[in-house]
Amino acid sequence: MSGKIIAVGNLKGGTGKSTVAVNLACALRGSGKVKVAVVDADAQGTASDWAAKGRLGLTVHALPFEESENTGHGGGSASGRDGEAWGTVVERLRLEHDFVVIDLPPQLGDAILNALVAANLFVVPVTASGADLKATTKAIELLRRARARRDDGRPACLLVPSRVDRRTAAGKEIEAVLHDFGEPVAPAIGQRTAHVDAFTAGEWVGSYAPRSAAHGEIDVLAAIVKRVK
Ligand SMILES: Nc1ncnc2c1ncn2[C@@H]1O[C@H](COP(=O)(O)OP(=O)(O)OP(=O)(O)O)[C@@H](O)[C@H]1O
Ligand SMILES: [Mg+2]
């Protein structure tokens with residue numbers, strides 16, 4: 001088996017990275033024929049905490065880089081983990097699974113830099129806020145630098161409008177704004193209470209609220225991700 005690595009990240013907190021990463025992983029797994037692993041590369045441990053109740057039905061591998069507290073970026077590896085060792089573990093997981101979904105921390109550092117070296121696809125959740133758009137500009141710069149250093153033109157990219165509230169002006173126009181980045185834009189993930197409640201229950205939305213709008217949106221995203229070469 002030789003799977004695809006999907007890195008989920010952006011350089012800002014709270015955009016819905018962990019929500020998208022865990023739900024996407026569960027949706028990709030489907031009824032279980034597709035083998036999926038999640039790598040929690042964030043020292044906050046959101047994905048690991050989510051899996052702790054044992055109701056996700058997939059394994060979350062905690063592989064954080066400890067970021068420097070002073071700068072919040074490029075802080076190296078207080079845990080002793082270096083990029084090579086991290087890459088070796090991720091590569092082993094890739095060989096054993098169809099998809100490896102990496103949940104990244106919100107800051108610039110070793111986690112995102114190493115993930116962009118390995119990933120087939122960079123999934124970037126973005127909320128309809130100016131602060132997110134600024135962070136996304138930087139994330140896309142990082143992506144393009146990573147592509148320039150690779151000879152395979154990867155990673156592909158998918159911008160995901162996240163936590164979208166269509167009642168707001170910014171929520172109505174987020175797709176149009178994201179298209180200006182020049183990368184593919186996925187259909188939106190709405191701001192929905194099912195996502196918050198599913199996390200609290202230790203489940204993904206497909207088991208917590210089957211056939212809900214939240215579930216449908218995640219399944220659409222998974223179908224798009226499956227088509228990425
Ligand atoms: N589509 C959504 N609808 C409603 N709530 C959401 C949605 N996506 C995320 N949330 C909620 O927003 C909060 C932040 O989400 P999440 O932890 O996924 O963001 P994050 O980008 O991973 O944050 P961090 O940068 O801290 O890692 C959580 O309380 C989560 O339940
Ligand atoms: Mg997170």
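Each ligand, and each atom within it, is numbered from 1 in the order the structure gives.
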Does any N/O atom on [X] come nearer than 3.5 Å to any N/O atom on ligand 1?
{"X": "T193", "result": "no"}
{"X": "F199", "result": "no"}
{"X": "T46", "result": "no"}

Would S18 count as a contact for the Mg ion (ligand 2), in the sense that one of its N, O or S atoms lies under 2.8 Å from it?
yes
So which protein heavy atom does [atom] come closest to, and at what separation?
{"atom": "atom 17 (O) of ligand 1", "value": "S18 CB, 4.0 Å"}
{"atom": "atom 25 (O) of ligand 1", "value": "K17 NZ, 2.7 Å"}
{"atom": "atom 3 (N) of ligand 1", "value": "R192 N, 2.8 Å"}
{"atom": "atom 18 (O) of ligand 1", "value": "T19 OG1, 2.6 Å"}

Got a salt bridge between [X] and [Y], using NZ or NE/NH1/NH2 to carboxylate O under 4.0 Å?
{"X": "R147", "Y": "E183", "answer": "yes"}
{"X": "K138", "Y": "E141", "answer": "no"}
{"X": "E217", "Y": "R192", "answer": "yes"}
{"X": "R166", "Y": "E175", "answer": "yes"}

Non-hydrogen side-chain atoms of V22 and D103 separated by less than 4.5 Å:
no
Is there a protein heavy atom at a distance of less than 4.0 Å from atom 6 (C) of ligand 1?
yes
So, for atom 22 (O) of ligand 1, does the protein have a heavy atom nearer than 4.0 Å?
yes
Neighbour count >12 (heavy atoms, 6.0 Å) for atom NZ, K134
no
Which of these, T15, T136, D132, T127, sits in a side chain to side chain donor-acceptor pair (under 3.5 Å) with N10?
T136
Does only the side chain of D42 get under 4.0 Å from ligand 1, or the backbone, or both, or neither? Count heavy atoms.
side chain
Which of the numbered atoms in ligand 1 are below 4.0 angstrom from a heavy atom of G13?
25 (O)
Which atoms of ligand 1 sit under 4.0 Å from any heavy atom of P106?
25 (O)
If hydrophobic clusters are built by linking Ile, Leu, Val, Met, Phe, Trp and Tyr wherever their side-chain heavy atoms come under 4.5 Å apart, do V38 and L121 end up in the same one?
yes
I174 and V8: same hydrophobic cluster, using ILVMFWY side-chain contacts below 4.5 Å?
no
Residue selection (non-hydrogen contact nearest atom 2 (C) of ligand 1) among G16, S162, G190
G190
From Q44, Q107, R163, H195 - option closest to atom 8 (N) of ligand 1 by heavy atom
R163
